[in-house]
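These figures come from a predicted structure and were not determined experimentally.
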Amino acid sequence: MEHGNGRTAAIIGAGPAGLYLLAELLETGAFRRIDVYEATPAPFGLVRYGVAPDHPKTRGIARVLAAGFESTEARYFGNVYVGRDISLEELRRSYDAVAVSTGMRGDRDLGVPGEDLPGSIGASELVAWYTGHPDAPKITLPENLDTAVVVGAGNVALDVARILAREPDTLIPTSMPRAVVEALQASPLHDVHLVARRGPAQAKFTSPELREIGKLDDVDVVVDPAELHLEAEDETEVETRRQARTTVKVLGEWSERARTGAPRRIHFHFWRRPVRVTGDTSVTGVELAPTRPDTAGPAHLPAQLLVRAIGYHGTAIAGLPFDADSGTVPSADGRVVTREAVLAGVYVTGWLRRGPSGVIGTNRPDAAEVAASILADLPTAAPTSGSPEDVEALLTTRETNHLSWDDWHRLEAYETEQGQQHGGDPIVVDDLETVLRVIGRPPQD
Ligand code: NAP
């Protein structure tokens, strides 16, 4: 305990980035108080509102992330939106260190005509809907939806393609809100096309996630062997990267599989990029252009739903510098930097620091680096004019209806009970009104 244990820290965002940082800071023993502020009522960020409902094992990482709140130094403030309920400046005045770990919730744009038509959405919006994010618009799938196009060759594209293509009844035992399960059950969707602008050797899929597609019951995977042709540069990728090798191998095996006549299909298309979304009042298809001269196949894919899974993008936070191109907050070793100087006592971690890549565990070494910077700065930190207790008093005065860790446990118990009724995982409550009712609060205006 080099620095004594009287220090205070605030973490904004209770996703994996913020909660790994909480664990790291607790470990130092330097803090008497670490408060975590989260905009949604429930914790865990992308573990709850990003990891697909049919991946319960990965969602189970929440148990590891929750461990920090067993410490008396750590407190949880759910349903507190920094920038609305409390300002960054108010937090800076009250804590020795403030770390921002709000991740990325927006989608990158394709930049093609027609992408704003109804029926064209970003993956983050679709994922937020099917995982039950309380702030996500409740999506109405097109009534005549038989075909969807998913653009992108990363794990998010695979998640979206899998959730849309799989037999909806298999989603009943998952955490998916019931309204979403019912919407998928009612949809006549049977074909999902995944469109990649480069080849199999350059795809960002990780191997277990890719292989899973081939194991789905009642889904045929369709791959054109001609698109798996490797040029010299692809051969180099395959020789040097195991992931590329596996992707090429797995897709090769699928290209030789005979179709079983399954009622649903996932089609892979490589070396094509969307150039226009067609339709007058809603999406009717996607026009594709080859990105390699010898690519044949459809130039127009008829579809009623287009999902852009081409990467997440951050949004600016009041009071913080922001790099609009990368969607990140500029930083050095986790210290937020403006054009002129380091913003004293303010740190950033997770996707907002390094961009939208890496798996959940990548946030752990990231958090360790940021924690080291925070710890190194504490001896020279300017004294605060307020305290965490002042912030709590402000939240109470502002009637923010914030949730404590005990409130979260109440919500969790309710979700577990709802899940048991369906013989499965806890079912995510996707609206604030129900959350407040479950934890015994009057509804918010
Ligand atoms: P990603 O892995 O970066 O993949 C984005 C994909 O979009 C790439 O194939 C990229 O192609 C393509 N793309 C970008 N701009 C495009 C454009 N204008 N037109 C067409 N295609 C475009 O991102 P992600 O899928 O959003 O995943 C984010 C992170 O979360 C990744 O690290 C991922 O592994 C992780 N994740 C993990 C899991 C899991 O482990 N189960 C699940 C979901 C997400 P280029 O390569 O050509 O740029």
Novice: Indicate the atoms forming the closest heavy-atom contact of G327 with L352, along with that distance.
Specialist: O-CD1, 3.9 Å
Novice: Considering all heavy atoms of both residues, which atom of S331 and which atom of G334 are nearest to each other, and what is their separation?
Specialist: CB-C, 4.1 Å
Novice: Can you confirm if the aromatic rings of F268 and W254 lie within a centre distance of less than 6.0 Å?
Specialist: yes
Novice: Testing the 3.5 Å rule here: is there a donor-acceptor pair between the side chains of D107 and H313?
Specialist: no
Novice: Verify whether the ring centers belonging to Y49 and W129 lie closer than 6.0 Å.
Specialist: no
Novice: Starting at OG1 of T102, measure out to CD1 of I317 and round the result to the nearest 0.5 Å.
Specialist: 3.0 Å
Novice: Is there a donor-acceptor pair closer than 3.5 Å between any side-chain N or O of Q421 and the backbone N or O of Q418?
Specialist: no
Novice: Tell me whether the rings of Y76 and W405 are parallel (<30°), tilted (30 to 60°) or perpendicular (>60°).
Specialist: perpendicular
Novice: Say you draw a straight line from CZ of R245 to CZ of R241; how long is it, rounded to the nearest 0.5 Å?
Specialist: 10.0 Å
Novice: Considering only NZ, NE, NH1 and NH2 on the basic side and carboxylate oxygens on the acidic side, decide whether R265 and D191 come within less than 4.0 Å.
Specialist: yes
Novice: Heavy-atom count around Q185 CD within 6.0 Å, excluding the residue itself: above 12?
Specialist: yes
Novice: Walk me through whether E392 and R75 qualify under salt bridge (charged side-chain N to carboxylate O under 4.0 Å, His left out).
Specialist: CA-CA 11 Å; E392 199 182 2; R75 294 189 302 181; 2.9 Å; yes
